[in-house]
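First comes the structure, then the notes that go with it.
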There are 2 protein chains.
Amino acid sequence: MSLKKLAEHLGLSQTTVSRALNGYSDVSKETRERVSIAAKELGYRPNESARRLATGRSNIIGVAFPTDENKLVDPHFTEFLSGLAERAAEHDYDVLLSATKGDDWKGLKRVVSSRTVDLVVLPSVDVSGEQISLVKSLDIPFVVHGRVKDRNDYAFLDIDNYQVFYQPTKMLIDLGHKNIAILNGPRNRNYTNERLRGWQDALAEIGIEAPAGYDAHARMTEAEGFAMAMELLSRPDRPTALVCSSTLLASGAYRACSQLQLVVGRDVSITAHDDELPFLSAMSFDPPLAVTRSSIRAAGREVASIVNRYLLGESWQSLQTIWQAELVYRASVAPLKAS
Amino acid sequence: MSLKKLAEHLGLSQTTVSRALNGYSDVSKETRERVSIAAKELGYRPNESARRLATGRSNIIGVAFPTDENKLVDPHFTEFLSGLAERAAEHDYDVLLSATKGDDWKGLKRVVSSRTVDLVVLPSVDVSGEQISLVKSLDIPFVVHGRVKDRNDYAFLDIDNYQVFYQPTKMLIDLGHKNIAILNGPRNRNYTNERLRGWQDALAEIGIEAPAGYDAHARMTEAEGFAMAMELLSRPDRPTALVCSSTLLASGAYRACSQLQLVVGRDVSITAHDDELPFLSAMSFDPPLAVTRSSIRAAGREVASIVNRYLLGESWQSLQTIWQAELVYRASVAPLKAS
DNA sequence: CTTATCTTCCAAAGCGCTTTGGAAACTTGG
DNA sequence: CCAAGTTTCCAAAGCGCTTTGGAAGATAAG
């Protein structure tokens with residue numbers, strides 16, 4: 001079923017049918033009605049390739065998709081992507097994955113220079129900002145999830161990562177803790193460094209400088225969390241509280257505590273940042289895990305909305321968004337017992 | 001840079017330039033050379049939309065992407081997708097996600113009927129086979145990861161799920177175990193049922209019928225694994241061995257053992273099916289986890305290859321592939337001690 | 001040298017849509 | 001009743017590529 005046939009069937013011109021379907025004003029109410037009914041009946045669907053060729057826009061947004069295991073191949077990414085795809089669909093955009101393996105951005109370059117996508121989303125950038133430089137040189141609009149320090153000439157959605165660690169650290173201090181260690185993410189991420197600063201500043205405020213090694217860094221998996229927690233909790237100057245960058249890390253830390261016969265919420269206080277991974281509810285930890293919470297799926301949705309507004313003509317200046325994470329107090333933290 | 005300009009620049013016709021670039025035989029060696037050099041120099045990239053319109057093919061493969069948490073929003077899916085996207089890129093296909101939320105297949109229908117995608121990949125089908133019926137009614141080629149019982153009129157890649165549980169169960173029996181329970185996946189999946197049968201048959205061979213409740217079913221997450229293992233291992237007729245459908249479940253089972261003061265590989269033997277999730281290496285479990293192994297990422301890659309061959313004209317009959325999983329013996333299993 | 005056969009190239013016709021620049025019919029105000 | 005809008009429709013020109021159906025020149029065969 002093509003436009004042409006539909007038009008013939010209706011005894012109208014292609015122009016009129018096209019404009020009726022696309023909501024232009026120069027077509028009468030009755031005609032519009034008649035057209036859309038016929039279109040539905042005959043199951044007419046415009047051929048997207050043709051429309052794209054004619055308009056120059058593809059209604060597809062590309063996502064740089066790191067396929068190597070060193071990067072973001074993890075549940076956090078899936079969640080983000082789900083939210084993005086969901087909202088994008090509502091705005092009639094499709095999401096195209098552009099597999100990038102390591103430093104090989106060939107795929108991305110291809111979909112960009114062949115006009116396959118209207119815009120690129122960078123779901124994960126490292127501190128170097130090279131991904132941003134690359135996409136910028138390709139001269140295509142883009143939106144970033146996260147940020148690169150000292151550089152903000154683009155549209156982005158990020159959370160206030162400084163607060164993500166500052167808040168719980170401050171809270172733990174208020175509860176009497178002094179030996180507070182962190183299980184943080186990979187060093188080459190901006191959010192990791194922001195969180196690190198938040199923790200350092202909170203400690204500095206009461207004149208504490210954390211012992212060497214109190215800041216552990218690794219990929220955010222259960223296994224790494226377990227390993228880092230085991231190491232930290234076996235030290236002579238054992239921390240009384242752990243602040244984790246992900247509930248996955250916290251899950252590993254819980255396992256370490258259990259193995260070391262330490263009771264979470266009594267011997268060790270634990271908090272984490274909660275991206276709300278669907279299979280790992282902080283509430284159902286035992287004891288329930290105190291968290292700074294910010295849904296990464298909602299972030300995906302919001303990015304899709306930002307993309308939409310960007311393509312509708314808003315400036316990147318007006319599309320920089322920073323979300324605050326709320327601190328939820330739960331039984332995994334407790335005041336420090338005098339020992 | 002368009003074909004037309006490139007042709008003018010070279011003093012050739014569009015036809016010749018197009019055919020030179022696309023490797024047709026009716027263009028001389030020197031001309032072809034000259035054209036491809038110029039194309040590279042001027043950074044010419046064919047406009048994909050135009051090519052799609054002209055050829056009728058989009059070189060995009062659609063993936064039905066379930067965005068609701070009840071389904072496959074988990075690391076297994078990401079891994080699969082990574083493999084798929086990677087190999088697809090090698091064959092010059094792009095991967096487009098079609099978000100489907102619950103039973104709402106609107107997105108899929110749209111990309112299909114608007115000719116946005118050449119083919120659809122179903123990464124996850126339930127036992128009802130309704131996804132297959134739907135896609136079939138859309139009259140578009142499709143490839144399935146997995147299978148639906150009693151129905152195999154389509155191209156698919158699956159693993160021999162019967163063996164996935166039969167093999168380890170048999171091995172555990174050989175080691176003297178009799179009380180063998182399973183931590184299986186969701187009931188509405190074909191692989192779950194196949195595995196169930198494999199386990200039942202292995203037991204039946206030595207005349208055992210498992211006690212009620214020895215077959216536990218849930219989503220394949222660490223938390224569910226923990227819960228199911230806790231329940232099973234707390235029974236009066238405690239199983240001496242657990243066969244798990246995923247390393248994530250096994251990870252939860254390990255935690256349960258640790259909590260119950262049971263030593264894996266001594267008090268309880270555990271095996272699992274290993275999809276080779278990158279952040280959860282069976283080898284680095286403590287003790288190392290015995291598994292049936294089959295990389296789900298490799299499966300993604302293979303599906304992309306199947307897609308490629310399908311679109312090149314092979315029949316679905318010739319594209320039905322079943323992989324065997326190999327059984328790897330490790331310290332998480334041990335002969336049953338006489339008690 | 002003529003005829004048949006390759007080899008190499010090209011003009012032009014689409015692919016299915018959007019959009020421009022009117023034209024025709026219908027209203028309105030004077 | 002006429003001129004000046006308004007409203008509603010349409011013919012035709014692209015968008016940038018592929019593909020068909022030759023044509024011209026070079027080569028081989030008779």
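No experiment lies behind these values; they were computed from the predicted model shown.
In terms of heavy-atom proximity, B:Y24 sits nearest to B:V27 at O-CG1, 3.2 Å. Of all non-hydrogen atoms in A:R87 and A:R301, the two that sit nearest each other are CG-O, 3.3 Å.
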Below 3.5 Å between N/O atoms, which protein atoms pair up with nucleotides 7-11 of chain C? Just atom names and distances, please.
unit_1 : atom_1 : unit_2 : atom_2 : d
C:dC9  : OP1    : B:T31  : OG1    : 2.8
C:dC9  : OP2    : B:S28  : N      : 2.9
C:dC9  : OP2    : B:S28  : OG     : 3.3
C:dC9  : OP2    : B:T31  : OG1    : 3.1
C:dC9  : N4     : B:D26  : OD2    : 3.0
C:dC10 : OP2    : B:S13  : N      : 3.0
C:dC10 : OP2    : B:S13  : OG     : 3.3
C:dC10 : OP2    : B:T16  : OG1    : 2.8
C:dA11 : N7     : B:T15  : OG1    : 3.4
C:dA11 : N6     : B:T15  : OG1    : 2.5

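For B:L53, the side-chain atoms get nearest to C:dG16 when compared with the rest of C:dC17, C:dG16, D:dT19.
The overall bend of the helix from C:dC1-D:dG30 to C:dG30-D:dC1, read as the angle between its terminal helix axes built from five base pairs each, is 40° when rounded to 10 degrees.
Phosphate proximity of C:dT19 to A:Y24: present, with a side-chain N or O under 4.0 Å from OP1 or OP2. Proximity of B:N47 to the phosphate of D:dC15: no side-chain N or O atom is located under 4.0 Å from OP1 or OP2.
Nucleotide D:dT19 holds its C1' atom 15 Å from the CG atom of B:L21, rounded to whole Å. At whole-Å resolution of the value, CG in A:L42 and P in C:dG16 are 16 Å apart. Going from atom CZ of B:R51 over to atom C1' of D:dT19 covers 13 Å, rounded to whole Å. Rounded to an integer number of Å, the gap from CE of A:M1 to P of C:dC15 is 15 Å. A straight line from CZ of A:R52 to P of C:dT19 spans 15 Å, rounded to a whole angstrom. Rounded to an integer number of Å, the gap from CG of A:L3 to P of C:dC15 is 13 Å. Rounded to whole Å, the distance from CZ on A:R57 to C1' on D:dC15 is 14 Å. If you take CG of B:N59 and C1' of D:dC17, they are 14 Å apart, rounded to a whole angstrom.
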Review point. How far apart are the C-alpha atoms of B:S133 and B:R151, what are their side-chain angles, what is the distance that settles it, and do they pass the side-chain hydrogen bond (donor to acceptor under 3.5 Å, both in side chains) test?
Key: CA-CA 11 Å; B:S133 303; B:R151 174 152 193 198; 3.2 Å; yes

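Screening residues 3-12 of chain A for side chain to side chain donor-acceptor pair (under 3.5 Å), with sequence neighbours left out, gives no hits.
Between A:Y154 and A:V148 there is a side-chain heavy-atom pair separated by less than 4.5 Å. Looking at heavy atoms from C-beta onward, B:S305 lies in side-chain contact with B:H91 at the 4.5 angstrom threshold.
Between B:R52 and B:T116, the side chains place no donor N or O within less than 3.5 Å of an acceptor N or O (distance only, hydrogens not considered).
Paired with B:R147 under the rule salt bridge (charged side-chain N to carboxylate O under 4.0 Å, His left out), one option of B:D153, B:D158, B:D126 passes, and it is B:D158.
Listed for the A:D275 side chain is no donor-acceptor partner under 3.5 Å among the backbone atoms of A:L277.
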